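Remember, it's a predicted structure, so these values are computed and weren't measured experimentally. Proteins get letters first, then strands, A, B, ... in listed order; numbering begins at 1 in each.
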2 protein chains.
Amino acid sequence: MTKAKENKEKSKSSWKQNPERVKQDILRAAMSEFAKSGLSGAKIDDIAAKTETSKRMIYYYFDDKEGLYRHALEAAYAKVRKGEVNLDLADYAPTEGLARLVAFTFDHHRRNPDFIRMVMIENIHHAAHMRSSQVIRDLNLGAINQLRALIARGEASGDFRRGIDPVALHWQISAMSFFNVSNQPTFSAIFGKDLYSNDGQAALRDRAVAMILADVRATSEDQDDQS
Amino acid sequence: MTKAKENKEKSKSSWKQNPERVKQDILRAAMSEFAKSGLSGAKIDDIAAKTETSKRMIYYYFDDKEGLYRHALEAAYAKVRKGEVNLDLADYAPTEGLARLVAFTFDHHRRNPDFIRMVMIENIHHAAHMRSSQVIRDLNLGAINQLRALIARGEASGDFRRGIDPVALHWQISAMSFFNVSNQPTFSAIFGKDLYSNDGQAALRDRAVAMILADVRATSEDQDDQS
DNA sequence: AGCAAATTGTAATTGGCAGTACATTTTGTC
DNA sequence: GACAAAATGTACTGCCAATTACAATTTGCT
């Protein structure tokens, strides 16, 4: 055991600081664990283990478990929004545009199960942590405005019936897209996995699109209403 | 303080046994607490406090927290089934029968939020506790058979298009009925409570019925298919 | 009545996990 | 280069809540 002059043996102790990267790393791990196990089900130690840093840093940046959860929830919303592509709905006829929006929403939810599970957990907690977040509110209002524009064009062209409520329509689209992911475990436990194969999912998506289109379509009476 | 001959003062110590009633009492309290707070969120002490008996009896009859949860989950399914009325669907034309089934399902889910929340929680847990339960499987297969009969009649009469998958149709009906209850907290936190007023709910139910009927309705091409 | 099994009461115990204390290292700034 | 503030490492502590130990009481049975 020779005394190393520059005793750098096992790189004794020395690290680099990188606050932003550390915070993002923690949020990533937290989202994954909260989505898997819920708020009280997730363990800070487990989250820390999934991290490149330590439990100490979680408390340093996020104060406590609830603070971490709130930030993870906002991060989940932000991440899912970043995954949204510009659908250029204005380039399509109203019916075609709506069909594209529904199909995209269905697929997009499917691609982001962790986000869905965070929302499920938030619902279990009666949306207690979401109410304060302006970020989250804004994200969803964007979706409503998109729908509102589509509805306006559809009514004007006579393709859509009158009096469609954009929030209700958003509810209808969300219901199927969300349920498809949120209830997959119990549904496939009871009825088997057929509906969750590639073919099954494609069929469900087609049905969802068809249902929405059928619901907004103008009836002959409505068309008579055109002045 | 005269010595009471039959010293029954404050009924010193003496109780009646009633195993069945105690078990039901515990399950009722457990379901309520699990539905409110989730599996790890619910506290045995809180459940015991909602009971006419003590924490000791919970462990006596249900072994541990998970055992209690499993029984509470089955009890939730059993209770919701008991609340189902006989809709006498055979007495109605297929379209009318289906409309009644959808409307009833929508309302019935709304009347049983605790059941919905138990299923939400089970989904968070990847349906781990439900897989073993034959009871639960049977309850849902009943719904499928009801739909299958309706579909058969509708196809025969030419009212419905061909090739409707009863499980997919059940998925469609469940999606809207379930989502309506499960996501009420987050949805109303973001978009306000309008859709959850009496009028709002009636409108959503109408939309759900209309969407399902539009989706199963035979197109003119299908009708040409009739031999 | 008397015995054994079932049921209930009372009071611990134990482990897990959120949160903290304190020391050390890095980094910007003068 | 020295000082302060920011960032990180290490090792706890304290408490909550699940579970259990043990005693007492009831009930069915003969």
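Rounded to an integer number of Å, the gap from CG of B:Asp64 to C1' of D:dA18 is 9 Å. Following rounding to the nearest Å, A:Glu33 (CD) and C:dC17 (C1') show an atom-to-atom distance of 14 Å. Going from atom CD1 of B:Ile58 over to atom C1' of C:dT8 covers 13 Å, rounded to whole Å. Taking atom CD on A:Glu20 and atom C1' on D:dA7, their separation rounds to 13 Å, with Å as the unit. The distance from atom CG of A:Asn18 to atom P of C:dT27 is 10 Å, rounded to the nearest whole Å. Rounded to whole angstrom, the span from the OH atom of B:Tyr59 across to the P atom of C:dG9 amounts to 16 Å. B:Arg21 places its CZ atom 23 Å from the P atom of C:dA6, with the value rounded to the nearest Å.
Using a 4.0 Å cut-off between charged nitrogen and carboxylate oxygen, A:Glu33 and A:Lys43 do not count as a salt-bridge pair. Under 4.0 Å is where a charged nitrogen must lie from a carboxylate oxygen, and between B:Asp114 and B:Arg117 no such pair does.
Between A:Phe191 and A:Phe187, the angle of the ring planes lies from 30° to 60°, which puts this pair in the tilted group.
For C:dT20, neither phosphate oxygen OP1 nor OP2 lies less than 4.0 angstrom from any side-chain nitrogen or oxygen of A:Tyr60. An OP1 or OP2 oxygen of D:dA6 is reached within less than 4.0 angstrom by no side-chain nitrogen or oxygen of A:Tyr61.
When the salt bridge (charged side-chain N to carboxylate O under 4.0 Å, His left out) test is applied to B:Lys65, no partner is found at least two apart in sequence or on another chain.
Aromatic pair B:Tyr61/B:His71: ring centres not closer than 6.0 Å. When ring centroids are compared, A:Phe179 and B:Phe178 come within the 6.0 Å threshold.
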Per-nt protein contacts along nucleotides 9-17 of chain D (heavy atom under 4.0 Å; B base, S backbone sugar-phosphate only, - none) come out as BB------S
